[in-house]
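Below: one structure, written as structure tokens.
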Amino acid sequence: MVTPLDASEACDWILGPAEDLSRPRILGNLNLHALHLSLEDGPVQTLTSRSDVTLVDGWPILLLARMASPESGWPTTRERIGSTDWLSELVQRDPEIAVAAVGGTPETATRMTNYINSRTRSMRWQHFDGFNFAPATKASSETGIPDVLARADVVLVGLGMPTQEQWILDHLALMKGGAVVANVGGCFDYFAGTQRLAPRWMGRLGLEWLYRLAHSPRRLAKRYLIEPFLLLSRLARRGQRPHV
């Protein structure tokens, strides 16, 4: 289910040629929360099953992948890869592509747009917030989401699970063949500075969840302290092992 790519390899895939130009390509990611939701019939399960590439966005998933398939190309040095990792790489490369971004507060959308524009010359970035779906810049105020999606080479949707997955499924038909669409969660907030990203050493040790929990206890307590046990309970009742 998951694909052993690092940030550079993920960008190579995003910028590489599409084998099938009749539909968009889906770049998914799997963390423990997504795995929990994928056990239910719903948009997360549907999008995950239809993804062309699924990245490991969480230390527990990385551990499960190593345990399930030790011969499948998961070296012990391979780390989890979050949306911020490969998007940072993509911004550094500054390819001549059109990116449509959807998600975040109006403040996040504006600050994210400023962040991208201050670091790139070739990338064309158009951002719509995830509340009013209004454009972040006046220059794009006369262009609606359907037109932007039709021209975009990359579409990034950060509306939280499972809303972002449902949004992608509802709008796939508006995207051009060969484009890449990705569910990126709270990625925009980190670049915009409205949320703090955990130090990378904590991610390597599998402790990023603890950093995030400490900074957003009310929002993340259920996800990190209760959902893992619910997931194990559901798998035990089904007599299943997590398939990654």
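- No donor-acceptor distance shorter than 3.5 angstrom exists from the side chain of Arg25 to the backbone of Val180, with no hydrogens or angles considered.
- Separating the CG atom in Asp170 from the CD atom in Glu165 is a distance of 11.5 Å, to the nearest 0.5 Å.
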Take Thr108 and Thr105 through the side chain to side chain donor-acceptor pair (under 3.5 Å) test and state the conclusion after the steps.
CA-CA 5 Å; Thr108 293; Thr105 65; 3.1 Å; yes
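- A donor-acceptor pair under 3.5 Å links the side-chain atoms of Asp94 to the main chain of Ser122, judged by distance alone.
- You'll find the side chain of Val181 reaches within 4.5 Å of the side chain of Ile168, heavy atoms only.
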Residue pair Asp6, Ser8: steps toward the side chain to side chain donor-acceptor pair (under 3.5 Å) verdict
CA-CA 6 Å; Asp6 59 25; Ser8 180; 4.8 Å; no
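- Minimum interatomic distance between Trp86 and Ala10 (heavy atoms only, all atoms of both residues): CB-CB, 4.0 Å.
- A donor-acceptor pair under 3.5 Å is absent between the side-chain atoms of Arg23 and the main chain of Ala179, judged by distance alone.
- Using modelled atom types, no side-chain atom of Thr54 and backbone atom of Asn29 make a donor-acceptor pair closer than 3.5 Å.
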Evaluate the side chain to side chain contact (heavy atoms under 4.5 Å, CB included) criterion for residues Ile26 and Leu47: first the C-alpha distance (whole Å), next the side-chain angles of each, then the deciding distance (0.1 Å), finally the verdict.
CA-CA 8 Å; Ile26 300 174; Leu47 192 73; 3.9 Å; yes
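- A 4.5 Å side-chain heavy-atom check between Ile14 and Val154 finds at least one atom pair inside the cut-off.
- Residues Val155 and Pro24 are not in side-chain contact: their nearest non-hydrogen atoms beyond the backbone lie 4.5 Å or more apart.
- Between Gly103 and Leu159, the shortest heavy-atom distance links the atoms CA-CD2, 3.8 Å.
- Put simply, the side chain of Met161 reaches to within 4.5 Å of the side chain of His33, judged on heavy atoms.
- Put simply, the side chain of Asn117 never gets that close to the backbone of Asn114: no donor and acceptor are under 3.5 Å apart.
- Here the straight-line distance linking atom OG1 of Thr120 with atom CD of Glu96 works out to 11.5 Å at 0.5 Å rounding.
- Residue Ser83 comes nearest to Val184 through the heavy atom pair OG-CA, 3.5 Å, listed as atom of the first residue, atom of the second, then distance.
- Proximity of Met175 to Leu172: side-chain heavy atoms (C-beta onward) are separated by under 4.5 Å at one or more points.
- In summary, the aromatic rings of Phe191 and Tyr115 are positioned with their centroids under 6.0 Å apart.
- Using bins of under 30°, 30° to 60° and over 60° for the plane-to-plane angle, the ring pair Trp125/His127 lands in the tilted bin.
- Within the structure, the side chain to side chain donor-acceptor pair (under 3.5 Å) test picks out the following pairs touching residues 150-163 (sequence neighbours left out): Asp153-Lys176.
- Applying the side chain to side chain donor-acceptor pair (under 3.5 Å) test to Asn132 and every residue at least two apart in sequence or in another chain returns nothing.
- For Asp129 (side chain) and Ala109 (main-chain N/O), no donor-acceptor pair under 3.5 Å exists by modelled atom type.
- A side-chain donor-acceptor contact under 3.5 Å links Ser38 to the backbone of Leu35.
- Put simply, Leu169 and Phe133 are part of the same group of oily side chains (I, L, V, M, F, W, Y) that touch within less than 4.5 Å, one to the next.
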Side chain to side chain contact (heavy atoms under 4.5 Å, CB included) for Cys187 and Leu156? Distances and angles first, verdict last.
CA-CA 9 Å; Cys187 174; Leu156 308 177; over 6 Å; no
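- Counting heavy atoms from C-beta on, the side chains of Ile116 and Met123 come closer than 4.5 Å.
- Contact annotation: the side chain of Leu27 never approaches that of Asp52 to less than 4.5 Å [non-hydrogen atoms, C-beta and beyond].
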Hey, mind stepping through Leu5 and Val53 against side chain to side chain contact (heavy atoms under 4.5 Å, CB included) and telling me if it holds?
CA-CA 9 Å; Leu5 300 181; Val53 168; 3.8 Å; yes
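- Counting only distance, with no hydrogens or angles, the side chain of Gln164 and the backbone of Gly185 share a donor-acceptor pair below 3.5 Å.
- The distance from atom NE2 of His171 to atom CG of Leu149, rounded to the nearest 0.5 Å, is 6.5 Å.
- Taking every heavy atom of both residues into account, Thr48 and Val44 meet most closely at OG1-O, 2.7 Å.
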Between Arg111 and Thr194, does the side chain to side chain contact (heavy atoms under 4.5 Å, CB included) criterion hold? Intermediate values first, please.
CA-CA 9 Å; Arg111 293 176 67 171; Thr194 53; 3.9 Å; yes
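- Smallest separation of non-hydrogen atoms from Gly158 and Phe188: N-CE1, 3.8 Å.
- When side chains are defined from C-beta on, Leu90 counts as touching Leu15, because their heavy atoms get closer than 4.5 Å.
- Atom CG of Asp41 has 12 or fewer neighbouring heavy atoms from other residues, nucleotides or ligands inside a 6.0 Å radius.
- Scanning both residues, Thr46 and Ser49, for their nearest heavy atoms gives O-OG, 2.8 Å.
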